[in-house]
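Note on naming: letters A, B, ... go to the chains in the order of the sequence lines (proteins, then strands), and numbering restarts at 1 for each one. Quick note: numbers below take in every heavy atom, side chains included, and nothing from hydrogens, waters or symmetry partners.
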Protein chains: 2
Amino acid sequence: MALGKDYATQQCSIARALEVIGERWTLLVVRDAFYGVRRYNDFLGHLGIPRAVLAARLQSLTDAGVLARRRYQESPPRDEYVLTDSGRALWPTLRSLGLWGREHVEGTVPMRIFVHAPCGTELGAYGECPACATGVPLEDVEMRPGPGLDPDPEDPVSRALLAPRRLLEPLDPDRV
Amino acid sequence: MALGKDYATQQCSIARALEVIGERWTLLVVRDAFYGVRRYNDFLGHLGIPRAVLAARLQSLTDAGVLARRRYQESPPRDEYVLTDSGRALWPTLRSLGLWGREHVEGTVPMRIFVHAPCGTELGAYGECPACATGVPLEDVEMRPGPGLDPDPEDPVSRALLAPRRLLEPLDPDRV
DNA sequence: CCCAGTAGGTTCGATGACCGAACCTACTCG
DNA sequence: CGAGTAGGTTCGGTCATCGAACCTACTGGG
């Protein structure tokens with residue numbers, strides 16, 4: 001969405017949020033970041049997004065402080081994009097959006113399941129653990145493939161994401 | 001966002017959700033519906049959205065089952081748009097998005113405050129009540145103006161929304 | 001009866017975002 | 001020295017969005 005054109009005049013926190021993460025593809029980039037994707041080519045392959053659009057989104061998310069760009073190797077210079085604290089704060093939004101999509105758009109076939117790793121219980125609608133009755137830190141969230149997921153995807157990133165993993169755990173699509 | 005162009009290939013509930021409510025303006029229309037806005041002209045005035053775009057959004061939200069179109073008067077024929085159960089299920093998403101916008105985009109100036117009416121506690125990130133530790137039915141959510149809100153707005157709908165109100169309570173911008 | 005006003009749209013040309021493909025740079029490996 | 005890879009930028013075409021104008025159906029006032 002992006003255009004502050006009219007959004008800027010809105011006296012509303014939701015509209016302000018949408019100016020940052022409301023454009024096409026933007027929220028999916030953030031989602032991938034939660035899944036552990038960090039590198040340009042991994043986003044590119046996993047999302048099937050045009051290169052120019054990905055570059056623009058990474059730039060605007062970095063400008064907005066949702067992602068941080070970090071040099072992880074000098075020669076040749078290579079950068080990775082990781083979630084900032086501000087970006088991590090988007091988890092409740094993504095969680096509730098995914099839950100809504102699963103229950104109100106498609107045929108109730110879960111794509112991915114998010115559980116409280118220490119106890120193995122699936123997260124509740126509030127991102128809490130129903131069994132432990134506490135909020136769950138991101139590091140304690142384990143994502144597992146659900147029945148709706150293609151068991152033999154094309155791209156390496158999707159294949160790497162088939163295994164159970166913790167949120168934010170860096171992804172290395174080479175070792176699969 | 002809308003275009004299933006590539007989103008459709010995504011094995012992900014979040015992407016599916018974004019196909020329905022990810023386009024520009026769409027989520028703001030839904031937000032207004034939570035605030036009690038029901039009529040075409042009220043959406044139009046409050047959002048400052050082009051007429052053609054509003055008509056398209058109302059149509060697609062109705063097709064998706066998020067809103068329902070209801071004839072409330074026969075002569076002349078007049079319709080109103082109200083949230084379905086599916087639409088109401090978007091509340092946690094809107095709540096978390098608004099909270100994120102308030103805390104991570106602008107200068108921490110709350111525009112609107114949402115409280116659990118029976119106990120007066122402000123809602124948490126998923127629309128739950130932290131004090132009562134339960135989900136809050138939408139009818140028990142009271143919205144109040146926050147310090148960031150323009151105290152003397154132009155359009156009648158904004159003016160009507162200045163008073164504390166319950167979510168979903170039908171708005172009548174004529175009596176202000 | 002005529003006219004102005006209102007609700008709820010549709011149509012239109014211009015602008016701007018998004019798309020896919022091609023190209024570029026810097027470096028490494030064999 | 002040539003091929004390959006990561007991480008981009010540039011470019012022309014298409015499609016969504018924009019604001020403004022127009023349309024229809026009805027009501028209420030003089």
Single hit among Arg70(A), Arg69(A), Arg71(A), Arg39(A) for side-chain hydrogen bond (donor to acceptor under 3.5 Å, both in side chains) with Glu80(A): Arg70(A)
Pair Arg57(B), Thr26(B): side-chain N/O donor-acceptor within cut-off below 3.5 Å: yes
Sugar-phosphate only, base, or nothing, as touched by Ala56(A) at under 4.0 Å among non-hydrogen atoms: nothing
Phosphate OP1/OP2 of dG8(D) contacted by Arg78(A) side-chain N/O (<4.0 Å): no
Rounded distance (Å) that lies between atom C1' of dT17(D) and atom CG of Leu28(B): 15 Å
Side chain Arg51(A) and base dG7(D) donor-acceptor under 3.5 Å: yes
Nearest-neighbour nucleotide for the Val53(B) side chain, dC18(C), dG8(D), dT17(D) considered: dT17(D)
Touch class at under 4.0 angstrom, heavy-atom based, for Tyr72(A) against every strand present: sugar-phosphate
Euclidean distance, atom CD1 of residue Ile49(A) to atom C1' of dG7(D) [Å, nearest integer]: 14 Å
Sugar-phosphate, base or nothing in reach of Tyr81(A), heavy atoms under 4.0 Å: sugar-phosphate
Phosphate OP1/OP2 of dA17(C): any Arg24(B) side-chain N/O under 4.0 Å: no
Residue closer to the 5' end of DNA chain C, Pro76(A) versus Asn41(B) (nearest nucleotide): Asn41(B)
Between dG8(D) (C1') and Leu54(A) (CG): distance, integer Å: 10 Å
side-chain N/O Trp25(B) vs dA16(D) OP1/OP2, d < 4.0 Å: no
Under 4.0 angstrom between Arg39(B) side-chain N/O and dT6(C) OP1 or OP2: no
Ala52(A) vs Pro77(A), nearer the 5' end of DNA chain C by closest nucleotide: Ala52(A)
Interatomic distance, Glu19(A) CD vs dA17(C) P [rounded to whole Å]: 13 Å
Under 4.0 angstrom between Arg69(B) side-chain N/O and dG9(C) OP1 or OP2: yes
Separation of dG8(D) C1' from Leu58(A) CG (nearest whole Å): 11 Å
Distance in angstrom units between Arg70(B) CZ and dG8(C) P, rounded: 14 Å
Between C1' of dT28(C) and CD of Glu74(A), the distance in whole Å: 16 Å
Heavy-atom neighbours of Gln73(B) CD exceed 12 at 6.0 Å: yes
Plane angle bin for Phe43(B) and Tyr81(B) - parallel if under 30°, tilted between 30 and 60°, otherwise perpendicular: perpendicular
Distance, rounded to the nearest Å, where Asp79(A) contributes CG and dA26(C) contributes P: 15 Å
Mutual orientation of the aromatic rings belonging to Trp91(A) and Phe114(A) [parallel < 30°, tilted 30-60°, perpendicular > 60°]: perpendicular
